[in-house]
**Q** 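Encoded as structure tokens, here's the structure I'll be asking about.
Just so you know, ligand 1 is whichever comes first in the structure, and atom 1 is the first atom listed for that ligand. Keep in mind the model is a prediction, meaning the values are calculated, not measured.
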Amino acid sequence: MDLTIRADLDAIPAYAAGRTVPGSLKLASNEISLPPPPAVLAAIAEAAVSGNRYPDPGVTRLTARLAERHGIAAERIAVGCGSVLLCQQLTQIMCGDPGDEVVYAWRSFEAYPIVVRISNARTVPVPLDEEYRHDLKAMAAAITPRTRLVFLCSPNNPTGQAIRRDELCAFLDEVPPGVLVVLDEAYREFVTDPDVPDGLTLLEGRPNLVVTRTFSKAYRLAGLRVGYAVGAPPVIAALRKVYPAFSVNSLAQAAALAALDYVPELLATCAEVTQERVRVRDELLAMGFAVSETQANFVWLPLGELTTRFAEHCEREKVIVRPFTGDGVRVTVASADENEIFLAAARKFQSLSS
Ligand SMILES: *Cc1c(COP(=O)(O)O)cnc(C)c1O
């Protein structure tokens, strides 16, 4: 008999990562362009000495440190191999029956439809509104008795818009208690709008809410793969059950722990980025581009049919941006010098087009 691999896997789109092109500036993956601080590099090197040993499967020290930092019990925190894998674990703990549904905004983080399909559940994408924001009324209306989970991404990747307190709380009040809401706050450290709540402050009294955070962006550890989920103890206990054994490796654990000693320095870089994003957006608007508001470390240019042409032009100018064919381009806001290189490329695109 022939080998039969799950036929539904054919329908799963491959995750298209931002490309790295030698000699070009990469503004395609929302990373911070600085390396981790020297003390974090030293902690990684020290952990490598014990590379012959398995990592702590319970990620005990890092979990305890995060609990202390956020003033939250350790039983409410699950560390994972990046928040992407935590998203997969979250769908795994909620979805098991064919026909289970997962609601999320679209366009949003590309990992959501992938992890939903891997878990054999049905994707229920709900279009963003005309300002590229989550349409929470439409998302609430998309919830059915089959809905098991809702992903919210705030600020939203790739459009940059964040969900404000009033609309978020109204939505959370409307979601049935049997549906898990996952608030993905990968870009929380870049939020400056006071009307955008810190998801961790909303957990009290909401056992069906989980907040995810990552060390990949503000903490400069995208290559090391560490994220964490904060929620009610039963949800966290379930996440630990489906945790792929030893998936947060010992270098990653040591690096994240060491990075937590440098929070003020790391956040200072985020503050520079948030100042730069205002300048970058203003300059793009002045050049005649449409650019949505952003609370993240990237800008969204809804270029529609011009998307591919713009991305190819940038690549010729040695800047790698992230195109979403037919929709728009996401560009990471980096240091002032790097942003200048991108802005020059954008200016040239406009002058060639006019
Ligand atoms: C970058 C990003 C993450 C981070 O994922 P990791 O697996 O922790 O690197 C999570 N969610 C969104 C929306 C992102 O853009």
**Q** Is the gap between the ring centers of Tyr219 and Tyr262 under 6.0 Å?
**A**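 Between Tyr219 and Tyr262, the centre distance exceeds or equals 6.0 Å.
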**Q** Given Asp184, Val226, Thr214, which one has a non-hydrogen atom that is nearest to atom 11 (N) of ligand 1?
**A**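 Heavy atom nearest to atom 11 (N) of ligand 1 belongs to Asp184.
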**Q** Tell me whether Ser216 has any N or O atom under 3.5 angstrom from an N or O of ligand 1.
**A**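 Yes: some nitrogen or oxygen of Ser216 is under 3.5 Å from one in ligand 1.
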**Q** Give the C-alpha distance, both sets of side-chain angles, the deciding distance and a yes or no for side-chain hydrogen bond (donor to acceptor under 3.5 Å, both in side chains) between Thr212 and Ser83.
**A** CA-CA 7 Å; Thr212 59; Ser83 41; 5.1 Å; no
**Q** Going by the order shown, which atoms of ligand 1 are within less than 4.0 Å of some heavy atom of Cys153?
**A**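 Within the 4.0 Å cut-off of Cys153, ligand 1 contributes 13 (C).
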**Q** Going by the order shown, which atoms of ligand 1 are within less than 4.0 Å of some heavy atom of Ala186?
**A**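 Close to Ala186: 2 (C), 3 (C), 10 (C), 11 (N), 12 (C), 14 (C).
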**Q** Distance under 4.0 Å to a non-hydrogen atom of Asn157: what atoms of ligand 1 satisfy this?
**A**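 By the 4.0 Å cutoff, the relevant atoms are 13 (C), 14 (C), 15 (O).
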**Q** With sequence neighbours excluded, what pairs up with Ile341 under the side chain to side chain contact (heavy atoms under 4.5 Å, CB included) test?
**A**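 Checked Ile341 against side chain to side chain contact (heavy atoms under 4.5 Å, CB included); matches are Leu25, Val319.
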**Q** Against ligand 1, does Gly227 come closer than 4.0 Å with any heavy atom?
**A**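 No, that is not the case, since the closest heavy atom of the residue is not under 4.0 Å from the ligand.
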**Q** To which of Phe215, Tyr187, Phe151 does the heavy atom nearest atom 15 (O) of ligand 1 belong?
**A**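 That would be Tyr187.
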**Q** Take Asp184 and Tyr112, measure what side-chain hydrogen bond (donor to acceptor under 3.5 Å, both in side chains) needs, and give me the verdict at the end.
**A** CA-CA 11 Å; Asp184 183 339; Tyr112 303 149; 2.8 Å; yes
**Q** Note the single closest protein heavy atom to atom 7 (O) of ligand 1, along with its residue, its atom name and the distance in Å.
**A**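 In this structure, atom 7 (O) of ligand 1 has Arg225 NH2, 2.5 Å as its nearest protein heavy atom.
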**Q** Please verify whether a non-hydrogen atom of Ala222 lies at under 4.0 Å from ligand 1.
**A**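 The answer is no, since Ala222 has no heavy atom less than 4.0 Å from ligand 1.
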**Q** Considering only heavy atoms of Val84, which atoms of ligand 1 have at least one such atom less than 4.0 Å away?
**A**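 Near Val84, meaning under 4.0 Å from one of its heavy atoms, ligand 1 has 5 (O), 6 (P), 7 (O).
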**Q** Step by step, work out the side-chain hydrogen bond (donor to acceptor under 3.5 Å, both in side chains) result for Ser29 and Lys26.
**A** CA-CA 8 Å; Ser29 296; Lys26 184 187 181 199; 3.3 Å; yes
**Q** Quick check: does Ser83 get an N/O under 3.5 Å from an N/O on ligand 1?
**A**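 Yes, there is a polar N/O contact under 3.5 Å.
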**Q** Angle between ring planes, Phe310 versus His313, binned at 30° and 60°: parallel, tilted or perpendicular?
**A**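 Geometry flag for His313 against Phe310: tilted rings.
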**Q** Looking at Phe324, is Arg322 sitting on its ring face, NZ or CZ under 6.0 Å from the six-membered ring centre and within 45 degrees of the normal?
**A**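 Ring-cation test returns yes.
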**Q** Give the numbers and elements of all ligand 1 atoms closer than 4.0 Å to a heavy atom of Lys217.
**A**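 That gives atoms 1 (C), 2 (C), 3 (C), 4 (C), 14 (C), 15 (O) of ligand 1.
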**Q** What's the verdict on ring pair (Phe, Tyr, Trp, His ring centres under 6.0 Å) for His70 and Tyr228, showing C-alpha distance, side-chain angles and the deciding distance?
**A** CA-CA 12 Å; His70 293 303; Tyr228 57 103; 5.7 Å; yes
